[in-house]
Structures are given as structure tokens and as C-alpha cells.
Amino acid sequence: MKPVWQALAWTSGVIGAAVTGAAVGVAAHSTRAAVQRKGDEAFVEEPLGRLQPDRQSTVAADDGVPLSVQEIGPATGGEPALTVVLVHGFALDSRCWHFQRRDLPELLGPKVRLVQYDQRSHGRSGHSSKKNSTIDQLGRDLDAVLRAAAPRGPIALVGHSMGGMTIMALAEQNPKLFADRVRAVALIGTSAGQLGEAGLPRTWLSRANPVPRGLALLSELNPGLVERTRKMGDRLAWSIIRALSFGDRKVSPAVVDLMAEMIGATTVEVVTDFLETISLHDRKKALAALNTCEVLVLSGDVDKLTPFSPHAEVLAGELPDATLVKVEGAGHPVMLERPDLVTNEIVAMLRRATGMKFKKGTGS
């Protein structure tokens, strides 16, 4: 029986990584401790994932799940000229936007409000039932956050991976909001559907793969056992996350640490609860609601979860006026891997959408 439990430790330790840009099938011989820390020097003074908001609140979703919301600005006080909302992806949390949270307030100026929140069952937000662990519900959650944190004025929505799918779900549910108030939408490393057709999800979301669904059953029957055995795979999981989430093998270990910490905080139960809704995601028709907005479609060209081809290309094909950006050498968490480039593209999108004069960023 020992090999079975070893396999469980491996699989449950990395399944979160698998569905966010990593997967099994890699000779993960090195561990975090063995990785040379060259490149970490730039992060000695960087409080990665520890930036504090100006205001923090809890918003109740329509089913009562508490959503943790953070707000930054406007520095001028009063009503903002624009509210920018950052929506994170699956098995991550709002900390994945660290660099954008750090730089956007200065670049966008004192009249702009920045809003972040943790999706249900992620980060500091409350745990959802399996029944409501759906992208449809995430769309309604985003609507609840907007009603509470941005009840008036123009809005820009920035979504990564499942966060982009959340924005599409809201567009399907409330197209009038996009026609009236949403000025810009950034879809980063995301997809309008058919996630099981290419990349790693082809294996992980396949109904022929018994492992994810076996873990789902086991996590329901004995969640404590799954989490304990998952910890046995943590050393290997770090290396797998680095190897398959990121495009650049020289990515700073400090950034991989943050990614691994977010994934590690997501239980196997939560991962398996969301697998079905991700596999069924199909929001091509909802994209029509975005035609009134300035749209940015951005993806890394070595993204293994939502490969640029077909996913970004399909989005751009459905949104012919969108700005399409392929980030060479970048993987799925492109906003962590190429933060300056992503931040600059967001600022440029907002400039096109609003005509407001924002500062120009630096770096690449």
C-alpha cells in the first residue's frame, strides 16, 4: 500500500499547482533549499504579499459567504474618478497582484481607487459550499463587491485566469453594467472556454483521469487525511511550481515562494470543488458585452494552463478591437513573472479607455 500513499502525497501536494500552471510528470529533484538564491537580492527589502490597504472590509455574498475586500485610495478623498478592481485566479489570492498593488496607485494618481478581494474559499474570504463553488457564483460575488466598494462611477476590471472567467460571468449576468459603467477590461492568462482542449487541463480536467475525481471523493470522506498526506509532497511541489508555472527558470525563488504559499493555502477540497465549473466554463457569447469597453488580452507564450494559442487568440478573435499582447518567455502567473510589463499594459489600457493622463511606468 505504501506506493499508493506516496502517490497520494505527491498528487494532493501538487494538484493545486497543476491547475494553476504546474503538473506532475516532472523530475523534480531540486527543492527550495537547494535553489541558489541569485536574483533574490532585489527582494530583500520587498514585502512580497504583505502590503497593507488603506481600508479593509467584509462584503457578504448573496449566499452569505464573507468576502475579504481591500481598498487603496483615492488619496484625494471623496468619490474616485475611476475604480480599478483586481480579480485573482484559481488557487491563488489577492497577494498575486503584489506588484500591481504596489505600483498602480502611484502611476494612476490620487483620484483613482484600487480594489482587491479574495474569491470565495480563497485567501481570507469565507469557505463556500461545493454547490456554490461555481464561476456563475463568482460573477455574482464580483457584483456584490462592486455594489459595496464601487457603487458609483466608472470601473475597470482586471482578471487573471479564473478572475478573467469571473468577469466574463458578470458580463453574461449584467451586460448593462458594462454598457453603463465598465470602461476597460483586462483579461490576463485566461480563457473563454474549452479549457480541456489544450495544455495541462487537457489531462487534469479530462473525465478519463481518475486522480482529481478520486481526490475529490477522498477529500469529502476524509479531508484531514488528504491534507496530512499532501504535506508530504510539499518539498516536491515547490520545484514543480517553479518549473511549470513560470516560463523563466531563473525566476526569483522569493516569487516562487509567494506562489507556493498561495497554492499551499488552498485545500485539496477547494481545488476539487472548483474543477467541474472550470471544465464546464464556456463564455464566448458573454464577450459581446465587452464590445463597449476598452479590452486588453494578455498572456505568456509559454503558459501551460491557458496556452496563448488557442485561448488568447480566441478571445482576441471574439473581441476584434481588443489589444492583444503576447509576453515572450512568460508562464501563467505573468503578473508576478513580468510585473512591470503587465502594469504598464494595464496603465496604457486605462489611458486609452478614459483619456486620463497617467504616469508612464518603467521596466519591461
Side-chain angles (χ1 to χ4, degrees), residues 16-17 19-22 48-51 53 56 58-59 61 65-72 83-104 114-128 133-135 137-146 149-150 155-170 185-191 241 245-246 255-267 270-271 273-274 277-278 281 296 298-300 303 305-306 331-339 342-343 346:
V19 293
T20 54
L48 272 173
R50 301 193 305 275
L51 294 173
Q56 194 160 333
T58 300
V59 172
V65 170
L67 304 172
S68 178
V69 179
Q70 303 172 44
E71 297 177 49
I72 301 92
T83 298
V84 180
V85 184
L86 306 177
V87 192
H88 72 78
F90 184 33
L92 303 180
D93 58 50
S94 58
R95 291 175 293 171
C96 72
W97 298 110
H98 171 84
F99 297 105
Q100 289 70 42
R101 155 69 184 88
R102 182 192 69 184
D103 296 337
L104 281 174
L114 190 66
V115 175
Q116 300 174 272
Y117 71 101
D118 291 331
Q119 304 252 39
R120 60 178 50 227
S121 298
H122 293 72
R124 287 177 289 187
S125 287
H127 187 77
S128 173
S133 297
T134 67
I135 292 172
Q137 181 62 55
L138 297 183
R140 292 191 288 273
D141 290 353
L142 175 54
D143 190 54
V145 169
L146 292 176
I155 303 167
L157 303 175
V158 179
H160 171 252
S161 193
M162 192 174 73
M165 301 174 200
T166 299
I167 293 170
M168 295 177 215
L170 178 60
V185 173
L187 301 173
I188 299 174
T190 191
S191 171
I241 290 166
S245 289
F246 297 93
V255 173
V256 184
D257 283 348
L258 178 59
M259 184 80 173
E261 185 178 338
M262 290 185 288
I263 291 173
T266 310
T267 67
V270 170
V271 170
D273 280 353
F274 278 91
T277 191
I278 290 173
H281 169 65
L296 168 67
L298 183 149
S299 180
D303 185 332
L305 178 62
T306 52
H332 191 57
V334 62
M335 66 286 186
L336 283 170
E337 191 169 7
R338 301 289 174 80
V342 171
T343 299
I346 291 171

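Computed from heavy atoms alone, side chains included, the values below leave out hydrogens, waters and symmetry copies.
- Here the closest heavy-atom approach between residue Ser121 and residue Ser128 is recorded as OG-N, 2.8 Å.
- Looking at residues two or more places apart in sequence or on another chain, you find a side-chain contact (heavy atoms from CB on, under 4.5 Å) between Ser191 and Leu195, Thr306, His311.
- Remark: the backbone N or O of His332 is paired with a side-chain donor or acceptor of His160 at under 3.5 angstrom.
- Proximity of Arg101 to Gln70: side-chain heavy atoms (C-beta onward) are nowhere separated by under 4.5 Å.
- You'll find the side chain of Gln116 stays beyond 4.5 Å of the side chain of Leu51, heavy atoms only.
- Here the closest non-hydrogen pair linking Leu142 and Tyr117 is CB-OH, 3.5 Å.
- Checked against ring-ring contact (aromatic ring centres under 6.0 Å, His included), His122 has the following partners two or more places apart in sequence or in another chain: His88, Phe274.
- Side-chain atoms of Asp118 do not come within 3.5 Å of backbone N or O of Ser68 as any donor-acceptor pair.
- In this structure, Val65 and Gln137 have side chains that are not in contact, with every pair of non-hydrogen atoms separated by 4.5 Å or more.
- The backbone N or O of Leu138 sits nowhere less than 3.5 Å from a side-chain atom of Gln119 that would complete a donor-acceptor pair.
- In this structure, CE on Met165 lies 15.5 Å from CG on Leu170, to the nearest 0.5 angstrom.
- Taking CG of Asp103 as the reference point, atom CG of Leu114 lies at 11.0 Å (rounded to 0.5 Å).
- For the side chain to side chain contact (heavy atoms under 4.5 Å, CB included) test with Val115, the passing option among Ile155, Val69, Val84 is Val69; the others fail.
- A 4.5 Å side-chain heavy-atom check between Trp97 and Leu104 finds every atom pair outside the cut-off.
- None of Leu86, Val87, Leu298 except one satisfies the side chain to side chain contact (heavy atoms under 4.5 Å, CB included) rule with Ile188; the exception is Leu298.
- Counting only heavy atoms from C-beta outward, the side chains of Ile263 and Leu92 approach each other to under 4.5 Å.
- Closest non-hydrogen pair, Val342 versus Met335, comes out as CG2-CA, 3.9 Å.
- Distance check: Leu48 CG to Arg102 CZ gives 8.5 Å after rounding to the nearest 0.5 Å.
- The two atoms that bring Leu305 and Ser161 nearest to each other are CD2-OG, 4.0 Å, heavy atoms only.
- Summarising the geometry, atom OG1 belonging to Thr83 is positioned 10.0 Å from atom CG belonging to Leu157; distances are rounded to the nearest 0.5 Å.
- In this structure, the side chain of Thr134 does not engage the main chain of Thr277 through any donor-acceptor pair within 3.5 Å.
- Shown here for Ile135 and Thr166, the closest heavy-atom pair between the two residues is CG2-N, 4.4 Å.
- Heavy atoms only, all atoms of each residue included: Gln56 and Pro53 are closest at OE1-CG, 3.6 Å.
- Taking CZ from Arg124 and OG from Ser94, the interatomic distance works out to 6.0 Å, rounded to the nearest 0.5 Å.
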